[in-house]
Amino acid sequence: MEKSKEIKNHTKQSHSGIHPFSNVSLQFGNIAKAYYPELGYKAALRLFRKELQLSKRLWEALQEAGYKGNERILTLNQYRIITEHLGEP
């Protein structure tokens, strides 16, 4: 019974505007893997970093939000900027 309540609560949170990453740290590697699940961890990191830098508007917006290019943890604002430009993973 407990398990079904957890699932219902998670579903409510997902549909109530709370992002699924909001309750966990926004680790760059986890986000990279979410965008590139078919790749290994290091390959996903490399490709994701490269993709962020290829879009001039995205890269500038991230830098304005304090992103330097080598962070392991992103702020929620930085994550939102990424999803605004690339869509949800």
Side-chain angles (χ1 to χ4, degrees):
M1 194 72 166
E2 296 262 341
K3 193 101 170 152
S4 63
K5 284 183 182 179
E6 287 177 34
I7 292 170
K8 285 179 185 176
N9 287 340
H10 177 70
T11 304
K12 276 185 189 177
Q13 288 175 347
S14 297
H15 296 294
S16 66
I18 297 173
H19 195 276
F21 280 119
S22 65
N23 292 329
V24 297
S25 64
L26 294 164
Q27 292 182 345
F28 190 86
N30 291 344
I31 297 167
K33 279 296 290 176
Y35 277 97
Y36 299 103
E38 71 282 0
L39 298 179
Y41 185 79
K42 287 184 180 183
L45 284 174
R46 280 192 302 271
L47 188 57
F48 189 54
R49 281 192 202 284
K50 187 174 185 176
E51 185 172 358
L52 297 181
Q53 294 172 355
L54 286 176
S55 169
K56 186 177 180 181
R57 282 186 36 213
L58 172 55
W59 187 249
E60 288 174 355
L62 284 171
Q63 287 180 318
E64 287 175 17
Y67 183 74
K68 305 281 189 263
N70 59 352
E71 286 82 356
R72 292 182 181 181
I73 306 292
L74 298 177
T75 66
L76 187 54
N77 186 43
Q78 291 166 345
Y79 178 75
R80 286 184 180 142
I81 291 168
I82 292 169
T83 57
E84 285 172 7
H85 284 83
L86 301 179
E88 292 288 331

Calculate, to the nearest 0.5 Å, the distance between atoms [atom1] and [atom2] belonging to [X] and [Y] respectively.
X     : Y     : atom1 : atom2 : result
Leu26 : Glu71 : CG    : CD    : 12.5 Å
Glu64 : Glu60 : CD    : CD    : 7.0 Å
Glu84 : Arg57 : CD    : CZ    : 10.0 Å
Arg80 : Leu74 : CZ    : CG    : 13.0 Å
Leu54 : Glu51 : CG    : CD    : 7.5 Å

Item to complete: List in chain and number order the residues that pass side chain to side chain contact (heavy atoms under 4.5 Å, CB included) with Leu47, two or more places apart in sequence or in another chain; answer none if no residue qualifies.
Response: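 Checked Leu47 against side chain to side chain contact (heavy atoms under 4.5 Å, CB included); matches are Tyr36, Leu39.
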
Worksheet item: By side chain to side chain contact (heavy atoms under 4.5 Å, CB included), which residues pair with Ile81, not counting sequence neighbours?
Response: Leu58, Ala61, Leu62, Ala65, Asn77, His85

Worksheet item: Should the pair Trp59 and Tyr67 be assigned to parallel (<30°), tilted (30 to 60°) or perpendicular (>60°) ring geometry?
Response: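 The rings of Trp59 and Tyr67 stand perpendicular, inter-plane angle above 60°.
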
Worksheet item: Do Tyr35 and Thr83 come close enough that some side-chain heavy atom pair is under 4.5 Å?
Response: yes

Worksheet, complete the sentence: Residues Gly29 and Tyr41: closest non-hydrogen pair is CA-OH, 3.4 Å

Fill in: Closest approach of Ala44 to Lys33 (non-hydrogen atoms, all atoms of both residues)
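Scanning both residues, the minimum pair turns out to be CB-CD, 3.9 Å.
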
